[in-house]
Amino acid sequence: QVQLVESGGGSVQTGGSLRLSCKASGLTYSGYCMGWFRQAPGKQREGVVLVLSDGSIRYSPSVKGRFIASQDNVNSSLYLQMNSLQPEDTAMYYCAAEPNGRSCTTDFFVGGRHWNYWGQGTQVAVPS
C-alpha cells in the first residue's frame, strides 16, 4: 500500500525559504512518477514539480528558478527546496505518486486529477 507523508511547511516572510519533505512507502521509484502539487484557497490544484522515474524533473514556469526538487532513493524521500518565496506561493502543498504511464505527464498539467496516491498536505504561508 502506497503511503506519502509530507512535512516541512510553515509560515515564512517574503523572500524566505522552506524545505518540504515527502516520505514514501509501498512503492519503488522506478515504477512511479512523483510530483509536488499545490492548492491555494479558491483556486484549482496545480502541478509544481514533476519527477519522472528516469530522474528527469520538470518545473512549473511559476516556480522555475526558485524551487528545486530532489529525490533520496535510500531514504525513500522526495524534497522540495523553495527559495525566494512570494505571497502567491501560499497554498497547501501535496506530494503525489502515480504508476508510470501517460497520465504522469498529461495529468500533471491539470493538477494531477487522475493521479492515484496523495499525501495529506502541508501548509505553506507567505504573508504579504
Side-chain angles (χ1 to χ4, degrees):
Q1 183 176 353
V2 176
Q3 289 190 322
L4 304 169
V5 180
E6 305 97 331
S7 60
S11 182
V12 64
Q13 292 183 338
T14 297
S17 297
L18 282 173
R19 188 186 193 218
L20 305 183
S21 299
C22 172
K23 177 73 172 177
S25 60
L27 61 82
T28 53
Y29 286 136
S30 61
Y32 291 80
C33 58
M34 304 286 294
W36 287 100
F37 297 80
R38 67 185 180 185
Q39 188 166 21
K43 294 188 177 181
Q44 291 192 342
R45 188 172 61 206
E46 64 170 338
V48 176
V49 180
L50 171 63
V51 181
L52 298 175
S53 59
D54 64 1
S56 58
I57 301 174
R58 304 180 188 180
Y59 296 91
S60 165
S62 62
V63 306
K64 194 171 184 179
R66 299 188 298 124
F67 290 12
I68 302 170
S70 60
Q71 205 169 38
D72 181 347
N73 292 342
V74 173
N75 293 310
S76 300
S77 293
L78 182 69
Y79 303 102
L80 185 64
Q81 178 66 41
M82 305 187 296
N83 302 317
S84 301
L85 283 161
Q86 303 297 314
E88 53 266 32
D89 296 315
T90 295
M92 184 71 80
Y93 283 71
Y94 298 92
C95 174
E98 172 69 4
N100 284 335
R102 199 170 72 171
S103 61
C104 281
T105 49
T106 57
D107 283 6
F108 173 78
F109 295 104
V110 288
R113 62 185 172 190
H114 295 308
W115 281 37
N116 283 279
Y117 304 105
W118 294 85
Q120 81 288 351
T122 185
Q123 181 69 45
V124 171
V126 189
S128 56

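The first residue in the sequence is number 1, and the count goes up from there. Side chains are part of it too, since the values below use all heavy atoms of this structure and drop only hydrogens, waters and symmetry mates.
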Shortest non-hydrogen contact from [X] to [Y]?
X	Y	value
V51	A69	CG2-CB, 4.3 Å
D89	S84	OD2-O, 4.3 Å
P99	C104	O-SG, 3.7 Å
G111	F37	C-CE2, 3.5 Å
P127	P87	O-CG, 4.3 Å
A91	A40	CB-N, 3.8 Å

Using atom types as modelled and distance alone, determine if a side-chain donor or acceptor of [X] lies under 3.5 Å from a backbone N or O of [Y].
X	Y	result
E6	C22	no
E98	N116	yes
K43	R38	no
E46	Q44	no
Q120	V5	no
S56	L52	no

Is the shortest heavy-atom distance from the side chain of [X] to the side chain of [Y] under 4.5 Å?
X	Y	result
R58	T105	yes
R102	D107	no
Y117	L27	no
M34	L4	yes
M82	R66	no

Quick check on the hydrophobic clustering: are [X] and [Y] connected, directly or via other members, by side-chain heavy-atom contacts under 4.5 Å?
X	Y	result
V63	L18	yes
V124	Y59	yes
V48	V12	yes
I57	Y32	yes
V126	F67	yes

Got a second to check how far [X]'s [atom1] is from [Y]'s [atom2], nearest 0.5 Å?
X	Y	atom1	atom2	value
D54	S30	CG	OG	11.5 Å
W36	L20	CH2	CG	4.5 Å
N83	I68	CG	CD1	6.0 Å
W118	C95	CH2	SG	9.0 Å
R45	M92	CZ	CE	12.5 Å

- [ ] Report the C-alpha separation of T90 and Q123 in whole Å, then their side-chain angles, then the decisive distance to 0.1 Å, and conclude whether the side-chain contact (heavy atoms from CB on, under 4.5 Å) test is met.
- [x] CA-CA 8 Å; T90 295; Q123 181 69 45; 4.3 Å; yes
- [ ] Describe, in one word, how the ring planes of F108 and W115 are oriented to each other, choosing from parallel (under 30°), tilted (30 to 60°) and perpendicular (over 60°).
- [x]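 Ring orientation of F108 relative to W115: tilted.
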